[in-house]
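The analysis underlying the following values was restricted to heavy atoms, covering all of them including side chains, and did not include hydrogens, waters or symmetry mates. Chain letters run A, B, ... following the sequence lines, proteins first, then strands; residues in each count from 1.
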Number of protein chains: 2
Amino acid sequence: MRLSTRAQYAVRAMVDLSLYSEGRPVSLKEISRREEIPLNYLEQLFFRLKKGQIVTSVRGPGGGYVLARQESAIKVGEIVETVEEQLSPVACLDEGDRSCRRGARCLTHTVWQGLGERIKGFLDSITLADLTREARTRPAGGGDNEKGVCQPTG
Amino acid sequence: MRLSTRAQYAVRAMVDLSLYSEGRPVSLKEISRREEIPLNYLEQLFFRLKKGQIVTSVRGPGGGYVLARQESAIKVGEIVETVEEQLSPVACLDEGDRSCRRGARCLTHTVWQGLGERIKGFLDSITLADLTREARTRPAGGGDNEKGVCQPTG
DNA sequence: ACATACCTTACTATAATTGTCAAGTATGCA
DNA sequence: TGCATACTTGACAATTATAGTAAGGTATGT
């Protein structure tokens, strides 16, 4: 039941982009450096994010990426769905009825369906704005957070 | 974000066991036949389920497995957690702070944490009794269900 | 033109998952 | 006692998905 690192990276990168863009485009190089995500890997992610119309690109020197919409109009669920192949927890939810037959299968089907809806619902209830708001309140690398588990190590 | 087939099989097998056990032990052979799950694979699953104290085994001829508790006291979340390595959506939730450092990571951390709680909460809100109750109302292989996607194919 | 930075495809290594094989142990029954 | 049933357990192979790398291309501002 693991989320791919693609999805984790994508959300982190989007938060980073959102935090450090002040109108101007942010280059992947910057994000790569700050978030310690391989540049080539980021490029792949942003290729998808662009296709998903979550970001816009500006080419050439001084270029980079810009949010396609307001922070508050970009849901975390969207980001995840865009870079992840599928968000649904089991295969037969996407493919239709092929792998779903008699016996206990139909019964469990409804469970997975419900689960999928909850997951999507939760992730769609959070926007980039929610995340960046928190960040701006408590600056990066800053002092205290609830449990001390997220301190910088370097 | 896929659930392993292990987890899917385990829940299905438990529903099957619950449905067809009437006090007596149910052999894996039976479950394997009805649910079309490889016998050896089932054995592995039930090894874990037994360790997780969700089922009890009866050895010898006429033996098999029995629910360790009442249907209503067995949560789907338990079953999944028992056969799945981990239920949490990202690694740094289990391992502690090792992979969680500065920048946008802490922020997204809370998102994944929330997601994990929702997933667990939902799966724990459903018991075996909920599933079998539905099954007994609408017998296996039966006629109509909401969308017609779960009909027997054979 | 040249540097920057996006764009795109292809590939590889690694890990997880799925499923198989095989050999054992406990038990009930004739 | 001996046999059949069925659980018990560990090792292993095949498949697949993921993560990450590499390389070359295209657009654009100075």
Between A/Gly62 and A/Asn40, who's closer to the 5' end of DNA chain C by nearest nucleotide?
A/Gly62
Nucleic acid contacts - residues 42-54 of chain A versus DNA chain D, non-hydrogen atoms under 4.0 Å:
A/Gln44
Rounded to the nearest 0.5 Å, how far apart are CD of A/Glu134 and OG1 of B/Thr110?
5.0 Å
About how many Å separate CG of B/Asp16 and CD of B/Glu30, when rounded to the nearest 0.5 Å?
8.0 Å
Rounded distance [0.5 Å steps], CZ in B/Phe47 versus OG in B/Ser57
11.0 Å
Say you draw a straight line from CD1 of A/Ile37 to CZ of A/Arg12; how long is it, rounded to the nearest 0.5 Å?
4.5 Å
Any side-chain N or O of A/Tyr9 below 4.0 angstrom from OP1/OP2 of D/dG20?
yes
Residues from residues 22-29 of chain A lying under 4.0 Å of DNA chain D - heavy atoms:
none
Is there a donor-acceptor pair closer than 3.5 Å between any side-chain N or O of A/Thr5 and the backbone N or O of A/Gln8?
no
Under the ring-ring contact (aromatic ring centres under 6.0 Å, His included) rule, collect the residues that match up with B/Tyr9, sequence neighbours excluded.
B/Tyr41
Grab the N/O contacts between the protein and nucleotides 26-30 of chain D below 3.5 Å, and write none if there aren't any.
| unit_1 | atom_1 | unit_2 | atom_2 | d |
| --- | --- | --- | --- | --- |
| D/dT26 | O2 | A/Arg59 | NH2 | 2.8 |
| D/dA27 | O4' | A/Arg59 | NE | 3.4 |
| D/dA27 | O4' | A/Arg59 | NH2 | 3.4 |

Would one find a side-chain N or O of A/Thr5 under 4.0 angstrom from OP1 or OP2 of D/dA19?
yes
Quickly work out the A/Leu39 CG to D/dA23 P distance and round it to whole Å.
14 Å
Any donor-acceptor pair under 3.5 Å linking the side chain of B/Arg2 with the backbone of A/Ser88?
yes
All N/O donor-acceptor pairs, side-chain side in residues 63-79 of chain A, below 3.5 Å, sequence neighbours left out:
| unit_1 | atom_1 | unit_2 | atom_2 | d |
| --- | --- | --- | --- | --- |
| A/Arg69 | NH1 | A/Ala73 | O | 2.9 |
| A/Arg69 | NH1 | A/Glu78 | OE1 | 3.4 |
| A/Arg69 | NH1 | A/Glu78 | OE2 | 3.2 |
| A/Arg69 | NH2 | A/Gln53 | O | 3.1 |
| A/Arg69 | NH2 | A/Glu78 | OE2 | 3.1 |
| A/Glu71 | OE1 | A/Thr132 | OG1 | 3.4 |
| A/Glu71 | OE1 | A/Arg136 | NH2 | 3.3 |
| A/Glu71 | OE2 | A/Ser18 | OG | 2.5 |
| A/Glu71 | OE2 | A/Thr132 | OG1 | 3.2 |
| A/Glu71 | OE2 | A/Arg136 | NH2 | 2.7 |
| A/Glu78 | OE1 | A/Lys75 | N | 2.9 |

Could you measure the distance from the CG atom of A/Leu39 to the CD atom of A/Gln44? Nearest 0.5 Å is fine.
10.5 Å
Determine the sole option in A/Leu19, A/Leu17, A/Val55 for which the side-chain contact (heavy atoms from CB on, under 4.5 Å) test with A/Val26 is passed.
A/Leu17
Within this structure, what is the CD1-to-P distance between A/Ile37 and D/dG20, rounded to whole angstrom?
10 Å
Please tell me if B/Ser57 has a side-chain N or O lying less than 4.0 Å from either OP1 or OP2 of D/dT8.
yes
May I have the distance from B/Leu3 (atom CG) to C/dT18 (atom C1'), rounded to whole angstrom?
14 Å
So the salt bridge (charged side-chain N to carboxylate O under 4.0 Å, His left out) pairs with at least one residue in residues 44-63 of chain B (sequence neighbours excluded) are B/Arg48-B/Glu85
Between atom CD1 in A/Ile31 and atom C1' in C/dC6, what is the gap in whole Å?
12 Å
For D/dA22, take OP1 and OP2 only and decide whether either is under 4.0 Å from a side-chain N or O of A/Tyr41.
no
